[in-house]
2 protein chains.
Amino acid sequence: MGKCEQCIVREFSALKTLTKDELITMSNCKTASTIKKGEAIFMEGENVNGVFCIKAGVCKMTKLSANGKDQIVKLTQKGELLGQRSLISDEPTNLSAIAVEDMEVCFIPKSEIIGFFNQNNAFSMSLMKSVCGDLKDADDMMVSLAQKNVKERLAQTLLYLEEKFGLLEDNSLRLQLSREEIASIIGTATESCIRLLSEFKKLGLIELQGKKITILDKVKLKRIVE
Amino acid sequence: MGKCEQCIVREFSALKTLTKDELITMSNCKTASTIKKGEAIFMEGENVNGVFCIKAGVCKMTKLSANGKDQIVKLTQKGELLGQRSLISDEPTNLSAIAVEDMEVCFIPKSEIIGFFNQNNAFSMSLMKSVCGDLKDADDMMVSLAQKNVKERLAQTLLYLEEKFGLLEDNSLRLQLSREEIASIIGTATESCIRLLSEFKKLGLIELQGKKITILDKVKLKRIVE
DNA sequence: ACTTTTATATGACAATTATCATATAATGCC
DNA sequence: GGCATTATATGATAATTGTCATATAAAAGT
């Protein structure tokens, strides 16, 4: 099994502040696993009892609404940790984590993380900063959902997907989501999402080929977002 | 000036985990002040350089949207701390804090809080739990904004205002907000908010007298929220 | 390869929500 | 107390968005 000391992925999360000794301890208690696209890492309401460190792949953090639809609250990728909030709050998780690509993750038990939190100030501060970053993103998202219309939010989301996940060699968005998933980020009906994508295509802002989306005019998209 | 050791308000925040000595230290460096209704404690983009502990009154945490409207992201009251997130992230604050009632607050400098964070594990854990609670609330809010319609969100907000801030002797909501402020919580136009309040009144769900709102039928309101 | 299922696309229409106009009530100010 | 300003209320209308129906394309299973 891979060793945490040699895993570059940890550099992207609070785990970067762990000492060599702590990394070795962690290596000995972690569990690596593979998650296929569409499978859940954990479901809303479960007790997670640790955190997952994403080594590869992307997952969606969703929450079930009263109307039966899932809302995507966050997309998480390589290097990020899952389940920090519920671990700290000592509660069942409030979100489901579902792979949108094949993933490799490592599970680190709660006792370990709490130990690091109490003995390593750099780690606790770094973990805290990560949660604070999530909170800031959530604030921004709330304002968008409350004040922007669907067209503006779609344009914003396309730009966000490019910024966070980058492009393939053919310049299309690297992360390929279904229309339903895109709709579930911006909080609209799938049909409305499809319709607006078609409109953006007609306006020459994007190109569509199956799940592939290519941004053609970033400037105009930004102008739509305002 | 009042002493933190004797201030009951601290029992409602992470400050409850401070030792007697730490409280005395804090007492000596804090600054108390009074904020009139409508005044800002701090504005989005400012460097706050500490946290505010609310001794009395309620404030709204708002964020300016691109369309020029303010979105209320959170209502904060007695016992809660303001500015924790930006202090930890070491960034200018992303929200404005504006009094919706006359307030009394105490300012505690950043250096003090960071000191407690590093020397007192119970405090750092408690502060972390508080931010995690905010994040969970933000997730819930996002799902509501994305998946519920305005009527459902208004019903939910009225029930929330009763739950968090309670009632006056005459059974009306203790926290009196303007129609514009309520609209700015649920993310809609002021006119739409007013219209739906009138509708709720016609349906016998609430009673309106100026800014006073009295919930008459909690069961039906809950049914609207789903 | 063919069938079944699911995803994407689009039309038609209904429901929701925003905007603008205007009226009235409430509040603050000299 | 009277005037100015602001908040609340409601109508009329337009814009946005959701829902249902249906068609086609793509993917998955046998």
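Being a predicted model, the structure only gives us computed values, none of them experimental. Residue numbers begin at 1 in each chain, while the letters A, B, ... track the order of the sequences.
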Whole angstroms only, please: what is the [atom1]-[atom2] distance between [X] and [N]?
X	N	atom1	atom2	result
B/Glu199	D/dT10	CD	C1'	13 Å
B/Leu154	D/dT8	CG	P	14 Å
B/Ile182	D/dA7	CD1	P	14 Å
A/Lys211	D/dA26	NZ	C1'	8 Å
B/Lys212	C/dA25	NZ	P	20 Å
B/Glu152	C/dT16	CD	P	10 Å
A/Lys37	D/dA27	NZ	P	10 Å
A/Ile194	D/dT19	CD1	P	14 Å

(message) Tell me which one of B/Lys37, B/Arg174, B/Lys36, B/Lys60 satisfies salt bridge (charged side-chain N to carboxylate O under 4.0 Å, His left out) with B/Glu101.
(response) B/Arg174

(request) Report yes if at least one side-chain N or O of A/Ser198 is closer than 4.0 Å to OP1 or OP2 of C/dT10; otherwise report no. (result)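 So the side chain of A/Ser198 is within the cut-off, an N or O lying under 4.0 Å from OP1 or OP2 of C/dT10.
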
(request) Would you please confirm or rule out a distance under 4.0 Å between OP1 or OP2 of C/dA9 and any side-chain N or O of A/Lys201? (result)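 Answer no for this pair, as no side-chain N or O of A/Lys201 is under 4.0 Å from OP1 or OP2.
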
(request) Apply side-chain hydrogen bond (donor to acceptor under 3.5 Å, both in side chains) to B/Ser130 and B/Gln84, showing your working. (result) CA-CA 9 Å; B/Ser130 166; B/Gln84 329 177 51; 3.1 Å; yes

(request) Supply the atom-to-atom distance A/Asp137 CG to A/Met142 CE, rounded to the nearest 0.5 angstrom. (result)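 So the gap between those two atoms works out to 13.0 Å.
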
(message) Can you tell me how far apart CG (B/Leu196) and CG (B/Leu205) are? Round to the nearest 0.5 Å.
(response)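 Answer for the CG-CG pair, B/Leu196 versus B/Leu205, is 11.0 Å.
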
(message) Please pick, from D/dT19, D/dA9, C/dT8, the nucleotide with the shortest atom-to-atom distance to any side-chain atom of B/Arg179.
(response) D/dA9

(request) Evaluate the side-chain proximity of B/Asp170 to B/Lys212: yes if any heavy-atom separation is below 4.5 Å, no if none is. (result) yes

(request) Could you check if a side-chain atom of A/Leu177 sits within less than 4.5 angstrom of a side-chain atom of A/Ile72, using non-hydrogen atoms only? (result)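 With C-beta onward as the side chain, the pair stays apart.
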
(message) Looking at B/Lys74 and B/Asp134, is any side-chain nitrogen of the basic one under 4.0 Å from a carboxylate oxygen of the acidic one?
(response)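 Between B/Lys74 and B/Asp134 there is a salt bridge, with a charged N closer than 4.0 Å to a carboxylate O.
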
(message) With a 4.0 Å cut-off on N to O distance, would you call B/Lys110 and B/Asp90 a salt bridge?
(response) yes

Close N or O pairs between protein and nucleotides 14-17 of chain D (under 3.5 Å):
| unit_1 | atom_1 | unit_2 | atom_2 | d |
| --- | --- | --- | --- | --- |
| D/dT17 | OP1 | A/Val150 | N | 2.8 |

(request) Hey, could you give me each pair passing side-chain hydrogen bond (donor to acceptor under 3.5 Å, both in side chains) that has a residue in residues 38-49 of chain A? Not counting sequence neighbours. (result) A/Glu44-A/Lys63

What nitrogen or oxygen pairs link the protein and nucleotides 11-15 of chain C at under 3.5 Å?
| unit_1 | atom_1 | unit_2 | atom_2 | d |
| --- | --- | --- | --- | --- |
| C/dG11 | N7 | A/Arg195 | NH1 | 3.0 |
| C/dG11 | O6 | A/Arg195 | NH2 | 3.0 |
| C/dA12 | N6 | A/Arg195 | NH2 | 3.4 |

